[in-house]
Amino acid sequence: MTLASPNGFPTMSAFPRTLASIAVSVGGLALFLILASFLLISHPIGSTVRGYFYDVDHSRKLDLPVFGHNQSTVDPRRDEYSDDVINKNPNPPSDSSLQVPVSSSGPSDVSETKQTVGQPVPVPVLSFSSNQEKEAATSSDSFNVTEVVEIANPGLSNNTGNLHSETNDASPDSSSYLKNDAVPSVTPLASDATKNGSDDSGCDLYHGHWYYDSTGPLYTNNTCPVLSQMQNCQGNGRPDKEYENWRWKPSQCELPRFDGKKFLELMRGKTLAFIGDSVARNQMESMLCILWQVEAPKNRGNRRMQRWYFKSTNVMIVRIWSSWLVHKTSQPFDFAPEGVVKLHLDAPDEDFMEFIPKFDVVVLSSGHWFAKQSVYILNNEIVGGQLWWPDKSRPQKINNIEAFGVSVETILTAMVTHPNYTGLTIVRSYSPDHYEGGAWNTGGSCTGKERPAADGELVENGFTNIMHEKQVTGFNRAIKKQLNKSRLRLMDITEAFGYRHDGHPGPYRSPDPNKITKRGPDGKPPPQDCLHWCMPGPVDTWNELVLDIIRRDFEGNRSFLS
């Protein structure tokens with residue numbers, strides 16, 4: 001058979017086809033498609049296809065980034081931070097609104113600047129965001145060097161009766177400082193917290209040793225515009241810098257250097273809150289200093305809280321001041337007059353609890369304010385006091401150490417039973433001070449400490465040890481009461497940081513060029529801060545630990561996050 005072709009084209013020959021041959025061809029093709037489809041959906045090829053495209057095969061884990069438990073609620077393409085902390089007061093004052101101003105192009109900030117990593121940035125004049133912040137600057141940050149502190153501490157020897165007192169027969173001279181081959185180490189502590197709630201997946205982060213890292217810190221005092229002057233040790237004239245270079249090495253694994261880009265990506269669309277005392281501020285500023293080398297955040301703070309917003313990843317870093325983490329009032333109560341602070345040890349601090357549902361990660365810090373004057377109330381009854389007890393003939397039921405333990409159990413129980421909180425709570429354990437040879441006001445000093453302590457130089461602090469013990473006990477009791485889907489982790493830095501007597505500002509807590517930095521002819525040490533931490537310095541390790549805890553938690557909750 002010949003088919004006619006269009007004009008100008010050659011003739012095409014047709015191939016003879018019968019109806020039966022066509023049917024056979026179609027049937028064969030259909031059979032082939034059926035067999036091929038069966039093979040594609042069967043194991044192992046099918047499982048690989050489904051795993052990559054539909055993620056229904058759990059026999060193979062894919063190494064994909066995980067961004068947290070509420071990832072599905074965050075659109076990473078958004079510039080604004082709409083899921084922000086909201087003030088639940090129906091009529092909030094205009095100057096304390098917690099709303100983030102947004103526009104079609106994202107939050108407006110006329111002061112937004114770009115920063116090149118490693119280049120100095122202009123340091124703005126810092127202002128206090130609240131009356132509490134003023135109190136922190138005048139009281140919390142300097143209480144250890146401006147007022148007498150006495151502690152009711154029965155059962156302990158006299159040399160551990162004060163907040164900063166330590167047993168010290170003789171301070172080591174310069175020849176006994178840590179040599180390169182003398183590595184300070186930390187031995188394990190027996191604690192139920194390790195089994196119940198500390199971050200122990202992979203390896204124990206809290207037992208290891210300090211080693212010298214010549215690469216230096218992640219920032220300098222000139223590249224962080226939010227560094228408090230009291231922690232700016234180099235800016236205040238400290239002549240040595242080795243304390244900046246020591247890094248923590250867990251015995252069984254590596255603790256990576258803090259990667260700011262990875263942190264911001266991991267926390268995309270989330271809020272990290274530091275809540276507590278001036279040591280919490282110390283850690284929060286360390287976090288900001290590290291992240292500032294990646295991106296300059298926008299200040300969204302107000303009178304109630306400090307807030308720093310990283311636009312590229314929609315991340316918010318928050319700090320809320322809370323001296324004791326429990327409810328406090330100055331109103332008269334029973335035989336306690338107006339003015340003296342009353343602590344309701346069985347009630348959490350409502351100043352920050354109202355915001356808890358909006359936080360994805362919370363880092364808690366407390367303990368040192370239990371040296372301050374206060375009245376302890378439990379079950380609506382005055383049960384004790386610190387630096388206050390009018391009737392010496394009436395015995396106190398609890399002292400400041402017991403009160404601290406109760407407060408820890410109270411706040412952590414509130415966190416793990418809050419019906420609307422699903423975040424990660426990190427309890428940073430009691431931060432050791434290093435007033436050797438006495439308390440802050442009785443000749444205690446950390447002057448001249450330039451390297452971490454070696455095992456033979458470590459000065460035991462009985463008060464630090466018992467405060468840590470009470471904190472761990474409160475932690476363990478609270479975790480047994482868990483009702484919600486939040487997670488509770490103990491970041492147990494106390495023992496490891498007992499070796500870092502070199503990391504405090506000491507006498508270099510002020511830029512005053514005429515300040516006294518050496519002992520006088522009578523051997524009396526100068527006024528100094530052996531409680532807070534230099535920046536950069538050991539405190540940066542806390543945030544390396546925080547990052548690792550967050551990473552492990554998010555990876556461990558992969559199925560819950562997806």
Side-chain angles (χ1 to χ4, degrees), residues 130-136 138-158 160-165 275-278 320-354 364-414 430 439-442 462-463 466-467 469-471 473-474 477-478:
S130 66
N131 291 332
Q132 292 176 332
E133 191 65 25
K134 293 180 181 178
E135 180 185 9
T138 59
S139 240
S140 167
D141 289 350
S142 57
F143 80 86
N144 56 318
V145 293
T146 57
E147 63 175 297
V148 176
V149 177
E150 297 178 359
I151 295 181
N153 200 1
L156 294 181
S157 59
N158 292 334
T160 59
N162 291 324
L163 174 63
H164 305 296
S165 62
I275 301 176
D277 52 21
S278 60
I320 302 179
W321 174 260
S322 182
S323 310
W324 291 275
L325 299 182
V326 293
H327 174 69
K328 63 183 183 301
T329 177
S330 296
Q331 298 301 315
F333 186 93
D334 198 0
F335 59 92
E338 183 177 3
V340 62
V341 174
K342 291 89 179 170
L343 302 180
H344 291 260
L345 299 176
D346 49 4
D349 186 352
E350 69 282 2
D351 287 344
F352 69 84
M353 284 302 297
E354 65 172 299
L364 296 178
S365 168
S366 68
H368 291 287
W369 272 68
F370 281 85
K372 302 282 281 185
Q373 185 187 61
S374 54
V375 178
Y376 304 139
I377 300 174
L378 195 59
N379 296 322
N380 212 35
E381 174 191 359
I382 295 178
V383 293
Q386 168 63 12
L387 298 178
W388 180 90
W389 195 250
D391 188 356
K392 303 300 182 182
S393 64
R394 177 187 297 185
Q396 301 186 48
K397 295 183 178 180
I398 65 173
N399 60 19
N400 63 322
I401 298 172
E402 296 292 339
F404 174 56
V406 174
S407 74
V408 171
E409 182 178 355
T410 293
I411 185 57
L412 296 185
T413 299
Y430 192 82
W440 69 268
N441 61 331
T442 59
F463 184 76
I466 196 169
M467 290 290 277
E469 177 186 338
K470 293 298 181 183
Q471 187 178 33
T473 299
R477 288 176 176 172

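- Side-chain atoms of D346 and T410 form no donor-acceptor pair, as typed in the model, at a separation below 3.5 Å.
- If you check the side chains of D277 and S365, you find a donor sitting under 3.5 Å from an acceptor.
- Proximity of a side-chain donor or acceptor of N379 to a complementary backbone N or O of E381 within less than 3.5 Å is not detected.
- Using a 4.5 Å heavy-atom threshold, the side chains of V408 and K470 count as separate.
- The minimum heavy-atom distance between A371 and L387, with the atom names listed, is O-CD1, 3.7 Å.
- One distance of note links CG of L325 with CG of L343; it measures 10.5 Å at 0.5 Å rounding.
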query: Given the rule in the side chain to side chain contact (heavy atoms under 4.5 Å, CB included) test, do L345 and I398 qualify, once you have shown the distances and angles that lead to the verdict?
result: CA-CA 11 Å; L345 299 176; I398 65 173; 3.5 Å; yes
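- The heavy-atom pair separating E409 from A478 by the smallest distance is O-CB, 4.0 Å.
- Note: F370 CZ to F463 CZ = 10.0 Å, rounded to the nearest 0.5 Å.
- Between the CD1 atom of I382 and the CD1 atom of I377 there is a distance of 5.5 Å, given to the nearest 0.5 Å.
- No side-chain heavy atom of V341 sits under 4.5 Å from any side-chain heavy atom of K372.
- Between W369 and N400 the shortest side-chain heavy-atom distance does not fall below 4.5 Å.
- In this structure, the side chain of K342 does not engage the main chain of F333 through any donor-acceptor pair within 3.5 Å.
- With a 4.5 Å cut-off on side-chain heavy atoms, S366 and W324 do not count as touching.
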field: Steps toward side chain to side chain contact (heavy atoms under 4.5 Å, CB included) verdict (L412, L364)
entry: CA-CA 9 Å; L412 296 185; L364 296 178; 3.6 Å; yes
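- Aromatic ring centres of H368 and F404: separated by at least 6.0 Å.
- Of all the heavy atoms in G384 and Q396, the pair that sits closest is CA-OE1, 3.3 Å.
- Under a 3.5 Å cut-off, the side chain of Q373 and the backbone N or O of Q386 do not form any donor-acceptor pair.
- If you take OH on Y376 and OG on S407, they are separated by 9.0 Å, rounding to the nearest 0.5 Å.
- Note that CD of Q471 and CD1 of I466 are 13.0 Å apart. Values are rounded to the nearest 0.5 Å.
- Ion pairing between a basic and an acidic side chain is recognised when a charged N comes within 4.0 Å of a carboxylate O; E402 and K397 show no such pairing.
- The minimum heavy-atom distance linking E338 with P332 is given by the pair CB-CG, 3.7 Å.
- D349 places a side-chain N or O within donor-acceptor distance of the main-chain N or O of D351, the cut-off being under 3.5 Å.
- Interatomic distance, E350 CD to S322 OG, rounded to the nearest 0.5 Å: 9.0 Å.
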